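One structure is given below, encoded as structure tokens.
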Amino acid sequence: RASSTGGAALPLTRLNEPILNSRQLTPFEEFWVEGDEGARIHSFLLKPYGFRPDRTYPVLVLIHGGPQSAWRQSWSYRWNPQIFAAAGYVVVMPNPRGSTGYGQKFIDEINNNWGGLPFDDIMAVTDHLATLPYVDASRMAAAGGSYGGYMVNWILGQTGRFKALVSHAGVYELRSMFGETEELWFPLWEFGGAPWEKPEVYDRWSPANYAAQFRTPTLVIHGEQDYRVPYGQGLQLFTALQLQKVPSKLLLFPDEGHWILKPQNSVLWHKTFI
């Protein structure tokens, strides 16, 4: 319960208290960097369990979906940063251009620009991470789902600075994605029209067009019942990786859609991911 006059929120139930008291959760920290065109980019950071400032740790950069969404101090068994921090990673959750909560202009700057300003913002965050004394800049990984998976696929063809990537339900080939998705309004809005109306936009921002540059070891995850980003997108990505002998693995869930919702599937997802 929260009061409109302010003050601390009051929990109404304590059902999970015995479990939570037996676990150590890592507090959310925050930082800002300057992105392209002078934009201020916000990120959350979680240090690993048992953190020691005299040690260095690998980094996991989590890229949110949407793309008109944002990382928040929330709780879920999907993309829970506490799990990755407990596995020994410095977990970073940037909110690049397109993220909600930073003004409408900030949101709209991703339109027709999927691999442009948002990629630059994430690279600015990554540059900052490399300067932290407890970060091993030679051991950075990036992962994301949906649009976050798109950005991972885009990163594959644009930079080799990450040691490993995880692409979950990621958009890969924009033209075929247009003809497959059940949310047709989405590409019409994001790219300003159909592929035959805006071919230059679809070609410019399609990760598939940069497949010849793929080098980073990648885990590809998809659900066969995904109608938002149909699993052919993941299969196309995995085929490109395999044909070029890039170390890669495919985890396919025949009984899941855009999100991995069944508890035992979630356990397999996390174990394979980590």
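Note that these values count all heavy atoms, side chains included, but never hydrogens, waters or copies made by symmetry. Owing to the predicted nature of the structure, the values given are computational and were not obtained by experimental measurement.
For the atom pair CZ of R215 and CG of L165, the computed distance is 13.5 Å after rounding to the nearest 0.5 Å. Rounded to the nearest 0.5 Å, atoms CD1 (I83) and CG (L46) are 12.0 Å apart. Q82 CD to T26 OG1: the interatomic distance, rounded to the nearest 0.5 Å, is 5.0 Å. The distance from atom CD1 of I122 to atom CD1 of I63, rounded to the nearest 0.5 Å, is 4.0 Å. One finds the OG atom of S248 at 9.5 Å from the CG atom of L243 (value rounded to the nearest 0.5 Å). Distance CZ/F84 to CZ/F273: 4.0 Å, rounded to 0.5 Å.
Within a 6.0 Å sphere centred on OH of Y49, other residues, nucleotides and ligands contribute 12 heavy atoms or fewer. Few gaps surround OH on Y147; more than 12 heavy atoms of other groups in view lie less than 6.0 Å from it. Within a 6.0 Å radius of NZ in K47, more than 12 heavy atoms belonging to other residues, nucleotides or ligands are found. Around atom CD of Q264, no more than 12 heavy atoms belonging to other residues, nucleotides or ligands sit under 6.0 Å away.
Within the 4.5 Å cutoff, no side-chain heavy atoms of R78 are placed close to those of H168. Taking 4.5 Å as the limit, some side-chain heavy atom of L268 sits within range of a side-chain heavy atom of F253. The closest side-chain heavy-atom distance from L250 to L241 is not below 4.5 Å. No side-chain heavy atom of K198 sits under 4.5 Å from any side-chain heavy atom of L174. Using a 4.5 Å heavy-atom cutoff, the side chains of T100 and R72 are in contact. Residues T126 and M123 meet the side-chain proximity criterion, which asks for heavy atoms closer than 4.5 Å. Side-chain contact between L45 and L132: present, with at least one pair of heavy atoms (C-beta onward) separated by less than 4.5 Å. The closest side-chain heavy-atom distance from E180 to Q233 is below 4.5 Å.
With sequence neighbours excluded, no residue forms a ring pair (Phe, Tyr, Trp, His ring centres under 6.0 Å) with W259.
A donor-acceptor contact shorter than 3.5 Å is absent between the side chain of S138 and the backbone of D136. At least one donor-acceptor pair closer than 3.5 Å links the side chain of E256 to the backbone N or O of L261. Side-chain N or O atoms of E183 include none that pairs as donor or acceptor with a backbone N or O of F186 at under 3.5 Å.
Y172 and V246 fall within a single hydrophobic cluster, where Ile, Leu, Val, Met, Phe, Trp and Tyr side chains are chained together by heavy-atom contacts under 4.5 Å. No continuous path of ILVMFWY side-chain contacts below 4.5 Å connects V201 to L117, so the two sit in separate hydrophobic clusters. V125 and L60 sit in two unconnected hydrophobic clusters of ILVMFWY residues. Membership requires side-chain heavy atoms under 4.5 Å apart, directly or through other members. Hydrophobic clustering of Ile, Leu, Val, Met, Phe, Trp and Tyr side chains at less than 4.5 Å, counting indirect connections, keeps I107 apart from I110. One hydrophobic cluster, built from ILVMFWY side chains closer than 4.5 Å, cannot hold both V152 and L251; they sit in different ones.
For an aromatic pair to be called close, the ring centres must be under 6.0 Å apart, and W269 with Y77 fails this.
In this structure, W154 and W205 have tilted ring planes: the angle between them lies in the 30° to 60° band. The aromatic rings of W71 and H64 sit perpendicular to each other, their planes meeting at more than 60°, with 30° as the lower class boundary. Between W196 and F178, the ring planes are perpendicular. Angles over 60° get that label, and only those under 30° would be called parallel.
The two residues N209 and D203 make their nearest non-hydrogen contact at ND2-O, 2.8 Å. Heavy-atom minimum distance, D121 versus G35: OD1-CA, 3.8 Å. Minimum interatomic distance between H258 and S146 (heavy atoms only, all atoms of both residues): NE2-OG, 2.8 Å. Here the closest heavy-atom approach between residue I41 and residue R97 is recorded as CD1-NE, 4.1 Å. Heavy atoms only, all atoms of each residue included: G170 and V229 are closest at O-CG1, 3.6 Å. Between F106 and P96, the shortest heavy-atom distance links the atoms CE2-O, 3.1 Å.
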Subject >> Worked check of side chain to side chain contact (heavy atoms under 4.5 Å, CB included) between Q236 and M177 >> reply: CA-CA 11 Å; Q236 290 184 66; M177 166 68 183; over 6 Å; no
Subject >> side chain to side chain contact (heavy atoms under 4.5 Å, CB included) evaluation trace for E37 with E109 >> reply: CA-CA 11 Å; E37 300 181 352; E109 285 178 329; 4.3 Å; yes
**OP:** Please lay out, stage by stage, how I155 and F119 fare under the test side chain to side chain contact (heavy atoms under 4.5 Å, CB included).
**Re:** CA-CA 8 Å; I155 285 170; F119 172 78; 3.9 Å; yes
Subject >> Worked check of side chain to side chain contact (heavy atoms under 4.5 Å, CB included) between F191 and N112 >> reply: CA-CA 5 Å; F191 306 125; N112 292 318; 4.2 Å; yes
Subject >> Test side chain to side chain donor-acceptor pair (under 3.5 Å) applied to Q104 and D108, step by step >> reply: CA-CA 6 Å; Q104 192 62 44; D108 291 341; 3.0 Å; yes
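With salt bridges taken as basic N to acidic carboxylate O contacts below 4.0 Å, none links E34 and R40.
Annotation: ring pair (Phe, Tyr, Trp, His ring centres under 6.0 Å) contacts involving residues 18-37, sequence neighbours excluded, comprise F28-F44, F31-H128, W32-H42. Legend: side-chain hydrogen bond (donor to acceptor under 3.5 Å, both in side chains) pairs involving residues 2-11, not counting sequence neighbours, sorted by first then second residue: S3-T5.
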